[in-house]
Protein chains: 2
Amino acid sequence: MQPSDSLREQMIAQYDAMSAQLQQAARYVLEHPQDVALVSMREVARHAAVQPATMTRLAKFLGLPGYDELRAQYAAALREGGDGFAAKVQKRVDEGSERGVSDIASHMLQGLSVQLEKLCEPDSLRRLEAAADRLKSARKVYVLGLRSSHAVAWHFHYVMTLLGERSVHLDGPGGTGGDALIRATSEDVLLVISIKPYAAGALELAQLAKAQGVGIVSITDSEVSPLVALSEQVVLCPTESDSFFHTLTPALAVSEVLCNLLAEFDRPKTLEALQQADEHLLHLNTYATAIPRRR
Amino acid sequence: MQPSDSLREQMIAQYDAMSAQLQQAARYVLEHPQDVALVSMREVARHAAVQPATMTRLAKFLGLPGYDELRAQYAAALREGGDGFAAKVQKRVDEGSERGVSDIASHMLQGLSVQLEKLCEPDSLRRLEAAADRLKSARKVYVLGLRSSHAVAWHFHYVMTLLGERSVHLDGPGGTGGDALIRATSEDVLLVISIKPYAAGALELAQLAKAQGVGIVSITDSEVSPLVALSEQVVLCPTESDSFFHTLTPALAVSEVLCNLLAEFDRPKTLEALQQADEHLLHLNTYATAIPRRR
DNA sequence: AGATATTTGCAACAAATAAATCATTAAAAT
DNA sequence: ATTTTAATGATTTATTTGTTGCAAATATCT
C-alpha cells in the first residue's frame, strides 16, 4: 500500500528535519497513500491544506526529480497492492481462525462499527436533528454527565467552548457541580448524558433543572431510561458490546454529531469562532508539533 | 478490481454493438483496469493503439458524461482493492451529494463506522495487542490526556478503577496533574493519549516520565506524531471526520478495546473486582433506575 | 537587537490534458 | 450507383497540470 518502503521510511525518518509545511504535506501523503496515486497534485495539496508548490518541494526534499516521480512510486505500490488484494484477504481469514487476542479486539471494533451504522437509521437521524434544533435555540447549554458519562459530557462541552460561550459544564470539585444551575431559566437547555446504570446524581440534577423550567435534552440508552420522562428531546444510543463493560463509543459519536450539526447551523460564525480559538491557543503555546525542550 | 461491476458488465454486454475502434479501446480497458486509474487518457490511448478521442467516445458510449467519470470509477475500484473491505462503505460516504441536515449526520456516522472497521486491520490489531501486553505488565498505569483527549484518558482511568487500583489519572486542579508522577518508576507505565494538535503539556509530562524510566504507551494519530519517538508501544487511530472538528470516537474505541483486553487477561479477577465495585456503589446509592424523589 | 538564512505564499509559465469541432473516409440503404 | 449514415482521424480550444521565480514573512544565529 505504501511505496517501496524506502520512501515511506525515509519520510518518517526525515520528518523531523522538514519544515512545518513540508511536514503537513508529508503527513497527508503518509496517511492517504492512495490519493497520491489517484488524484492530481493540486488536489492532494488542497486536501492537505498546503500550497501546490509544497508538494513539489516535498518530492525534491526526498531526493526525487519531481512530483511525478513521487506519484509514480505510489502508483506502482498501488498496482502491487491491488493485485495482491485477494492474497491479503486470504491472509486475514487465515489469521482469523486463530481465535486469539486480536480476535477479541477485532470483534469489539466491528461490533462498534455496526452500532454506529445503526445510528444512521431514519429514526435516529430524526432524533439527532430534533435534539440539535432544540440545543440551537437555547441561550445557554448546561452539560451534565456523571461517572462514565463524564467523558462524553466533557467532550461536548469542550467542543462547544471552542465554538462560543454558551456552554456550561455541570461539574466541579467537592460536589459543587450543580451550583451553576442556580441561574438557569426556561430559556436554557440542559443536555444530560446518562446510560445504564444511571447515576442518581445526574437524575436529581436533571429533575431539579426541569422544575426550574429548563428544557431537557438527553443522550441515553433506552426508551425506558428514566431520562425519557424528563426530556423534550431524546437521542438513543446503544451501549452493548462484546466486553465486560458498556461502551461509550456510540454516545460519544452522537455527541460529536450534535456538535457538528450545531456548528453547521451557522458556518461563518463557526469558522470565525474557531479561528479566534486558534489564535488564542497559539498565543498561549498550548500546542506543539514536536517534543518540547526540557526547561 | 473492476469498477462497480455494472460498468464492466455493460462493456462486455455492449461489446458487440461497438465499432471496431471502440472495441479495441474497450478491450484494452477491460484487460488493464489499473492503467485507466493510474495514467492519463492519452497514454492509455497510446497503449491501446487508438486515438485519444476514441477513449472519450467510449466513455460517452457507456452513458458517462466523459472520460473523467470513467477514470473516477476505476480509481474508486482500485481504492477498494487497495484499502480493504471497509472502503466499500467509504465510497457511499464519498458519493454523498445532498447536504440535508440528517445527511450530514448520517455522513459523519458512516465515516466513523468505516474508521472503526479500519482499526481491524492486522497492523492495528497487532499494535493493540502489544500495547495491552505492555500495560498488563505495569505495576501502576498513569493515564494522561489533556484538552480534547481528556475525555478518553478519563474514561480509560474510570474503567480501570472499576477493575482495580493500578490506575492513576494525571489530572488535577491548578495544574497539579503531573504531581502524581513523583513516585513513578521504571516498573510503571504511562498511557498518553494525544492527537493533533498535540497539547504541549502532555508532551512535556510524557518526556519527563520517560526520563524517569517510566515506560510509555501512547494512543495517537500518526506515525509522525511526536509521541512515537517517546513510546515503547503506539496505537494509531484516525481522527479525520466530515466535520469541523477532529473526531475522538476512534480513540475512545481504542481505549475501550484496551480496557477489555486487560480485563480479559484475568477473567476471574475481573469478575470479582466488578462485583466488588457493584456492591460498593450499591451501598452508596450511586445508581438509580427511576427518577429519585425530591428531598 | 540586528543580520542572515530559511521558509512560505503567490503568481506566472509552459506543457499536457480532455473535450469539442470539423473534415474525411468507409459502410449501408435506397 | 448514388445518397445517406455512421465511424474515424485530424485540429482546435479551453482547462488543468506541475514547475519555477520572486517577494514577504519567519526563524536562526551572532
Side-chain angles (χ1 to χ4, degrees), chain A residues 3 7 11 14-29 32 35-76 275 278-279 282-283 285 287-293 295, chain B residues 3 7 11 14-29 32 35-76 200 224:
Chain A
L7 234 191
M11 262 170 110
Q14 302 193 4
Y15 187 82
D16 292 324
M18 297 181 193
S19 71
Q21 290 293 300
L22 243 42
Q23 287 189 344
Q24 196 171 328
R27 167 179 278 253
Y28 184 87
V29 169
H32 302 83
D35 278 23
V36 178
L38 294 172
V39 309
S40 74
M41 179 190 88
R42 287 181 119 91
E43 208 161 331
V44 173
R46 260 214 313 283
H47 287 133
V50 155
Q51 289 275 339
T54 306
M55 302 308 298
T56 299
R57 287 165 182 154
L58 175 65
K60 304 221 153 167
F61 179 89
L62 295 171
L64 304 173
Y67 181 83
D68 273 327
E69 182 58 27
L70 186 79
R71 196 223 314 272
Q73 300 237 12
Y74 273 88
Q275 192 179 346
D278 264 358
E279 282 171 22
L282 192 68
H283 282 109
N285 285 323
Y287 297 126
T289 51
I291 299 166
R293 268 218 305 276
R295 291 171 292 191
Chain B
L7 234 192
M11 259 168 110
Q14 302 193 10
Y15 188 82
D16 293 325
M18 295 182 195
S19 70
Q21 292 293 302
L22 244 38
Q23 286 189 347
Q24 195 172 328
R27 155 160 240 150
Y28 183 86
V29 169
H32 303 83
D35 279 21
V36 179
L38 293 172
V39 309
S40 75
M41 178 189 87
R42 297 182 104 83
E43 209 160 329
V44 173
R46 199 167 330 123
H47 288 134
V50 157
Q51 288 272 343
T54 306
M55 301 308 298
T56 300
R57 286 168 180 148
L58 175 64
K60 302 218 157 173
F61 179 86
L62 295 170
L64 303 173
Y67 181 82
D68 268 329
E69 182 58 28
L70 186 82
R71 196 222 315 273
Q73 300 237 9
Y74 274 87
V224 291

Under the 3.5 Å rule, do the base of D:dA7 and the side chain of B:Arg57 count as making a donor-acceptor pair?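 Counting by modelled atom types and ignoring angles, no donor-acceptor contact under 3.5 Å is found here.
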N/O donor-acceptor pair under 3.5 Å between [X] side chain and [Y] backbone:
X: B:Glu69; Y: B:Ala59; result: no
X: B:Gln21; Y: B:Val50; result: no
X: A:Gln51; Y: A:Ala45; result: no
X: B:Gln14; Y: B:Leu62; result: no

Closest to side chain of A:Pro52, choosing from C:dT8, D:dT19, C:dA18: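 Given the options C:dT8, D:dT19, C:dA18, the side chain of A:Pro52 is closest to D:dT19.
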Nearest-nucleotide pick for A:Gln51, side chain only, options being D:dT8, C:dA12, C:dC10: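 Ranking D:dT8, C:dA12, C:dC10 by closest atom to the A:Gln51 side chain puts C:dC10 first.
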A side-chain contact here means heavy atoms from C-beta on lying under 4.5 Å apart; do A:Leu22 and A:Phe61 qualify?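 In contact.
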What is the distance from [atom1] of [X] to [atom2] of [N], rounded to the nearest Å?
X: B:Met41; N: C:dA18; atom1: CE; atom2: P; answer: 5 Å
X: B:Arg46; N: C:dA18; atom1: CZ; atom2: P; answer: 11 Å
X: A:Arg42; N: D:dT20; atom1: CZ; atom2: C1'; answer: 12 Å
X: B:Gln23; N: D:dA7; atom1: CD; atom2: C1'; answer: 13 Å
X: B:Leu58; N: C:dA19; atom1: CG; atom2: C1'; answer: 15 Å
X: A:Asp68; N: D:dT17; atom1: CG; atom2: C1'; answer: 9 Å
X: B:Glu43; N: D:dT17; atom1: CD; atom2: C1'; answer: 15 Å
X: A:Leu64; N: D:dG18; atom1: CG; atom2: P; answer: 15 Å

Please state whether the phosphate of [N], meaning OP1 or OP2, lies under 4.0 angstrom from any side-chain nitrogen or oxygen of [X].
X: A:Arg71; N: D:dG18; answer: yes
X: B:Thr54; N: D:dT8; answer: no
X: B:Lys60; N: C:dA19; answer: no

Take A:Pro65 and B:Gln21, find for each the nucleotide of DNA chain D with the closest heavy atom, and name the residue whose nucleotide sits nearer the 5' end.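 Its nearest nucleotide lies further toward 5', so the answer is B:Gln21.
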Assign A:Ser40 to base, sugar-phosphate, or nothing according to its heavy-atom contacts below 4.0 angstrom with the strands shown.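 The answer is sugar-phosphate, as A:Ser40 gets under 4.0 Å only of primed atoms, P, OP1 or OP2.
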Need one value for A:Ala53: base, sugar-phosphate or nothing, where a base atom within 4.0 Å counts as base even if backbone is also close, heavy atoms only.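 Counting heavy atoms under 4.0 Å across all strands, the contact made by A:Ala53 includes a base.
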